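Working notes, beginning with the structure itself.
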Protein chains: 4
Amino acid sequence: MTDTVEIPGTRILSFIERIEQIDEELKALNEGKKDIFSEAKGEGFDVKVLREILRLRKQDQDERDEQESLLDIYLRAIQTAETVQAKAA
Amino acid sequence: MTDTVEIPGTRILSFIERIEQIDEELKALNEGKKDIFSEAKGEGFDVKVLREILRLRKQDQDERDEQESLLDIYLRAIQTAETVQAKAA
Amino acid sequence: MTDTVEIPGTRILSFIERIEQIDEELKALNEGKKDIFSEAKGEGFDVKVLREILRLRKQDQDERDEQESLLDIYLRAIQTAETVQAKAA
Amino acid sequence: MTDTVEIPGTRILSFIERIEQIDEELKALNEGKKDIFSEAKGEGFDVKVLREILRLRKQDQDERDEQESLLDIYLRAIQTAETVQAKAA
DNA sequence: AACGTTGAAATAGTTC
DNA sequence: GAACTATTTCAACGTT
């Protein structure tokens, strides 16, 4: 009789706990990242530069999907604009 | 071939240069701040204490602003109430 | 000419790749979360409410952690007091 | 008599107010920046990409001073490492 | 699907 | 040069 009330509760709890499980794993991974950066820093590497490299490589990756990034388009556009300005000067 | 040639480079460049202009002014102002602190330090004042004073005065100001926004909320609430009453009448 | 050739590229690359590996796992987990929410939604549950529950449980957990750290502080304080007493004796 | 007490107070206040004046100008400039980004966004430009361009141009500027950035050095190092790995494969 | 809002991550600046 | 603070940036979320 009361199944229609009870069961959803366990179902909800199941979703909640699955999410919480994932959140814990996310947290652990993020701490792992921190540790790696700390380790690199401890060996004298510049963490900010490492982050920059990661960003660049990620961009390259994204571009392979989209053929051409917005950044490229914008850069080419202002390149053209600057050239025009230079000639006019 | 592509639409990308349509991107108005001069417009982008204009935004970029306006921001860079502001950034330079920000930089100049921040150097001005440093100079003032140096000057104060040179006259024997404790820079850390000066910063604390600034922080406190800023807090006071923020609280005053906060109060005002609360006031706004109340005033608006009254305004709404009056409008409702007017319609009901 | 420059010292730059000395930079251990393989070491840098190792750090970079370890981070990228973690980033991929993070991405996968986040997609997993989305899937779970979608699944819940598909069964008629209100995702917004689920998020709220997660938020509340996280708050409770944080408060419990907070309490524990307070406990740590007290315990350490007692520890210190005992050490001082021991030396005085 | 009390000059040695009084005068520093006005002197301190002078420093405080000069700083606060600058802080206001900083705030105004920062709001100006926000407005420009909003304006650009309103015209359909991607603010994040604009930020990226600003970052790149700033980097270029910095590099002109330092001849070669750490980023370049690291990139060359991992380039070498990757080449070695590729050959070994 | 654009918008502002929020909360977390990163950066810069300051202090010790 | 390491930790802490404050500001800035970024991504996710809900809203319209």
Side-chain angles (χ1 to χ4, degrees), chain A residues 19 22-23 26-27 29-55 58-59 62 70-71, chain B residues 19 22-23 26-27 29-38 40-41 46-59 62 69, chain C residues 19 22-23 26-27 29-38 40-41 46-56 58-59 62, chain D residues 19 22-23 26-56 58-59 62 70-71:
Chain A
I19 294 287
I22 289 180
D23 281 340
L26 286 170
K27 195 178 168 189
L29 285 177
N30 276 122
E31 280 166 7
K33 265 176 83 170
K34 277 198 177 182
D35 291 343
I36 293 175
F37 280 125
S38 292
E39 190 185 339
K41 187 177 184 177
E43 295 185 19
F45 294 109
D46 185 316
V47 171
K48 190 179 167 186
V49 173
L50 295 180
R51 286 188 200 280
E52 181 74 12
I53 293 171
L54 286 162
R55 180 172 26 227
K58 192 160 182 296
Q59 256 179 19
D62 292 346
L70 258 187
L71 177 61
Chain B
I19 295 287
I22 289 180
D23 281 340
L26 287 171
K27 194 179 167 189
L29 285 176
N30 277 122
E31 280 166 5
K33 267 177 83 170
K34 279 199 175 184
D35 290 345
I36 294 175
F37 281 124
S38 292
K41 188 175 185 177
D46 186 321
V47 171
K48 190 178 170 184
V49 173
L50 294 180
R51 285 187 196 281
E52 182 68 10
I53 294 170
L54 286 163
R55 202 178 59 77
L56 290 173
R57 285 165 64 105
K58 192 163 182 297
Q59 257 188 10
D62 289 349
S69 84
Chain C
I19 294 287
I22 290 180
D23 281 339
L26 286 170
K27 195 179 166 189
L29 285 176
N30 276 121
E31 281 167 6
K33 267 177 83 169
K34 280 199 173 182
D35 291 343
I36 294 175
F37 280 123
S38 292
K41 188 174 184 177
D46 186 323
V47 171
K48 191 177 170 184
V49 172
L50 294 180
R51 285 188 197 280
E52 182 68 11
I53 293 170
L54 286 162
R55 202 180 60 77
L56 290 173
K58 191 164 182 296
Q59 257 187 9
D62 290 348
Chain D
I19 293 288
I22 289 179
D23 281 341
L26 287 170
K27 194 179 168 190
L29 286 177
N30 276 123
E31 280 166 7
K33 265 176 83 170
K34 277 198 175 182
D35 291 343
I36 294 175
F37 280 123
S38 292
E39 191 185 339
K41 186 175 184 177
E43 295 185 19
F45 295 108
D46 185 316
V47 171
K48 192 179 167 186
V49 173
L50 294 180
R51 286 188 202 279
E52 180 74 11
I53 292 170
L54 286 163
R55 178 168 32 223
L56 288 174
K58 194 161 181 292
Q59 257 179 17
D62 293 346
L70 258 185
L71 177 61

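Model, not experiment: these values are computed from the prediction. Lettering follows sequence order; numbering is per chain, from 1.
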Minimum heavy-atom distance between L54(C) and F37(C), given as atom pair plus value: CD1-CZ, 3.8 Å
Set of side chain to side chain contact (heavy atoms under 4.5 Å, CB included) partners for D46(C), sequence neighbours left out: K48(C), V49(C)
Protein-nucleotide distance (Q59(A), atom CD; dC10(F), atom P), rounded to Å: 11 Å
Closest non-hydrogen atom pair between I22(B) and L29(D), with its separation: CG2-O, 3.7 Å
Atom pair distance, as rounded to whole Å: CG in L50(C) and P in dC13(F): 13 Å
Point-to-point distance, once rounded to the nearest 0.5 Å, from NZ of K58(C) to CG of D62(C): 4.5 Å
Please list each protein N or O that sits under 3.5 Å from an N or O in nucleotides 2-5 of chain E, with the distance.
none

Exercise: identify the closest heavy-atom pair between L26(B) and K33(D): CD1-CD, 3.9 Å
Length of the line joining I19(B):CD1 and dT8(F):P, which is rounded to integer Å: 13 Å
Salt-bridge contact E52(C)-R55(C) (side-chain N to carboxylate O under 4.0 Å): yes
Over all atoms of both residues, closest heavy-atom pair of L50(C) and A40(C): CD1-CB, 3.6 Å
Heavy-atom protein contacts under 4.0 Å, nucleotides 8-16 of chain E, coded B base, S sugar-phosphate only, - none: --SSS-SSS
Whole-Å gap separating P (dT5(F)) and CG (L54(B)): 18 Å
Any K27(B) side-chain heavy atom under 4.5 Å of D23(B) side chain: no
